[in-house]
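This is a predicted model, so every value here is computed, not measured. Any value given below was found using the heavy atoms of this structure, including those in side chains, with hydrogens, waters and symmetry copies removed.
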Amino acid sequence: MTVGLKIVLAAAQILTVLSAVAVTFHPNILYASIALFFAFCGVAVMFVYAGADFLAGAQLIVYAGGVTILVLFAIMLTQWLYKSKLRDIRMRVVAPLALIAPALTYGLCVALRGLGDHVLKTTPANFEAFSSAPKTMPIGQALLTNYLLPFEAITILLLSALVGGVWLARPK
Amino acid sequence: MQPSAAFAHALNDSIGVLPLWSWAAVTAALVLFLLALPFAGFATFIERRVAAFFQDRLGPNRVGPEGILQFPADAVKMLAKEDFIPAGADRFLFNLAPLLVVVGALSAFAVLPLGRALIGADLNIGVVYVLAVTTLIPPGILLGSWASQNKWSLLGGLRAAAQIVSYEIAVALALVPPILVSGSLQVSTIVDAQGWAWGAENAANYHFWNLFYNPFTFVSAFVFFIAGLAETNRIPFDLPEAESELVSGFNTEFSGMRFGLYALGEFGDVFVMCAMFTALYLGGWQVPFVNLETFWIALPALVIALIHLTMFMAKTLSLVFIVMWLRWTLPRLRVDQLMGLCWKGLVPIALFNVVGTAIWMWVFHGQSLPQLLAKAFSG
């Protein structure tokens, strides 16, 4: 990786972490949700560097595009929600959690690494070549062969969530 | 060494020498000044002339020959205007919002296939990339409308976000049939597959425009165009602006260059939508029935690139003209009609097209309707 690419990656990482901190501690809930948007974008950049280009696109579409808009809608359509101050509760709850966060992150990384090795069967020797190879076709084939059952189970879960949402919102 | 190879070599060397950001800055400047700004400016001029034509008047015709210099004059006027922010506005978001819209619309220019040699970045997830970066637009519109502290703005912004998020689903589903047909998300591969030509030896490997691939892709193209119109907030789906009910909707409080950025974002988005339609359904840079690589005289690479560019721009700008034509032909929809059209009309039709195209490819082994007809007539 050239120096320039490393600088871009570092900038994306700093943006993600700072945005995440702002999500947690900003007293204005609207600014917190905008910070969440930038955190999603930073994570998408990191996906690109990890060679997961399709995942980066999905991250932007689903999270930066969809979830952020939903959160903003919820805030703007709820009366006075964006004027409430949430700092005190957050400090009391978040501070103890911050102590165990590094351990959780490490465990998550190890688990994901193991899952990745399992999916790909072997760890690629040449990561540079691997990371620039197209991932869309392997993902599609994995979803429709080895991982068909989990994939279908998730679709049923999402469908039931959708039906539940419609049922809750039905006219009385 | 070939001249082009020498040039590429020199370019490679200098990429190593200069820092990355300088190349990124040069690329961004090229996209902005060679493509987006001239297009957006020229589009506003053409739009006003087209509007005048449909309303039986002259339109701008004083500045320069036939009024062609009207858009530089407008740009100077916008730049010279007072940089005004309303007193109650949220300054940070008010500044940020137009930038998000412009970045979202112009980032998509990177993968537009202006010609085989004229793609900024031929990503292997090209189509997903376009969908991904254009999702920056609804947060930009929504935040800008909220930051203005204006009821009309907020109503327009909420309408815009609901509309774009809904129609994004129809757009994404309407993009699936061409992707299924070509077996790739890469824009250049999708365009290449549509290069069927008279008398080509390996005609079985290619099919004609995806628009005519089968009945399902034909319908899907129209779904994409209608949903794309709604996603770019164009009439008859311009409820977020709706000047007769919401003054000017989400951009009511924006003036000067901030309004200019919103306009640039909107026209950039229209261009991207029409260019994606051209690439996915109308064969992109391909000349109909002719294969330039196996032409009866060998063409230099520069000529091929120019022909590609001309074909692509001709197809795309015709679509842009249709978009303007619709603007002065159709009345605006109501909100409930808008949502009904998306969820009860376009989304089910698009889903049906996806399944239909998949079944067609399974039954006919990936051959298109023109290929089957040609085979039937040749015996």
K.L.:
Heavy-atom count around B/F352 CZ within 6.0 Å, excluding the residue itself: above 12?
P.N.:
no

K.L.:
Counting only non-hydrogen atoms closer than 4.5 Å, does A/I34 touch chain B with its backbone (N, CA, C, O), its side chain (CB onward), both, or neither?
P.N.:
side chain

K.L.:
Output the option from B/I164, B/L131, B/T134, B/I137 having the highest count of non-hydrogen pairs under 4.5 Å with chain A.
P.N.:
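The option with the most such pairs is B/L131.
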
K.L.:
Give a yes or no on this: more than 12 heavy atoms of other residues, nucleotides or ligands lie within 6.0 Å of atom CZ of A/R170.
P.N.:
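For A/R170, atom CZ is crowded (more than 12 foreign heavy atoms under 6.0 Å).
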
K.L.:
Which heavy atom of A/G57 sits nearest a heavy atom of B/V128, and at what distance?
P.N.:
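Looking at all heavy atoms of both residues, the shortest contact is CA-CG1, 3.9 Å.
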
K.L.:
Heavy-atom pairs under 4.5 Å with chain B are the metric here; pick the option from A/A58, A/G65, A/G66 that has the most.
P.N.:
A/G65

K.L.:
Could you tell me whether the side chain of A/T68 reaches within less than 4.5 Å of the side chain of B/P138, counting heavy atoms only?
P.N.:
no

K.L.:
Less than 4.5 Å apart, any side-chain heavy atom of A/L72 and any of B/W146?
P.N.:
no

K.L.:
Which residues in residues 172-180 of chain B have any heavy atom closer than 4.5 Å to a heavy atom of chain A?
P.N.:
none

K.L.:
Taking all heavy atoms of A/I61 and all of B/A132, pick out the closest pair and write down the distance.
P.N.:
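Heavy atoms of A/I61 and B/A132 come nearest at CG1-CA, 3.6 Å.
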
K.L.:
Quick check: are there more than 12 heavy atoms from other residues, nucleotides or ligands sitting under 6.0 Å from CZ of A/F73?
P.N.:
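Enclosed: over 12 neighbouring heavy atoms sit under 6.0 Å from CZ of A/F73.
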
K.L.:
Side chain from CB out, backbone as N, CA, C, O: work out which of these in B/L100 comes under 4.5 Å of a heavy atom of chain A, or both, or neither.
P.N.:
side chain

K.L.:
Tell me, for B/L96 versus chain A, whether the close heavy atoms (under 4.5 Å) come from the side chain, the backbone, both or neither.
P.N.:
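Contact with chain A involves the side chain of B/L96 alone.
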
K.L.:
So for atom CZ, which belongs to A/F40, do other residues, nucleotides or ligands contribute more than 12 heavy atoms lying within a distance under 6.0 Å?
P.N.:
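More than 12 heavy atoms, drawn from other residues, nucleotides or ligands, come within 6.0 Å of this atom.
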
K.L.:
Side chain from CB out, backbone as N, CA, C, O: work out which of these in A/F37 comes under 4.5 Å of a heavy atom of chain B, or both, or neither.
P.N.:
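Contact with chain B involves the side chain of A/F37 alone.
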
K.L.:
Given heavy-atom pairs under 4.5 angstrom as the criterion, report whether the side chain, backbone, both or neither of B/V165 touches chain A.
P.N.:
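It is the side chain, since no backbone atom gets that close.
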
K.L.:
Does any heavy atom of chain A fall under 4.5 Å from the side chain of B/L142, the backbone, both, or neither of them?
P.N.:
both

K.L.:
Taking side chain as C-beta onward, heavy atoms only, is B/Y129 less than 4.5 Å from A/L60?
P.N.:
no

K.L.:
Mind ranking B/G183, B/G157, B/P139 by heavy-atom pairs under 4.5 Å with chain A and telling me who comes out on top?
P.N.:
B/P139

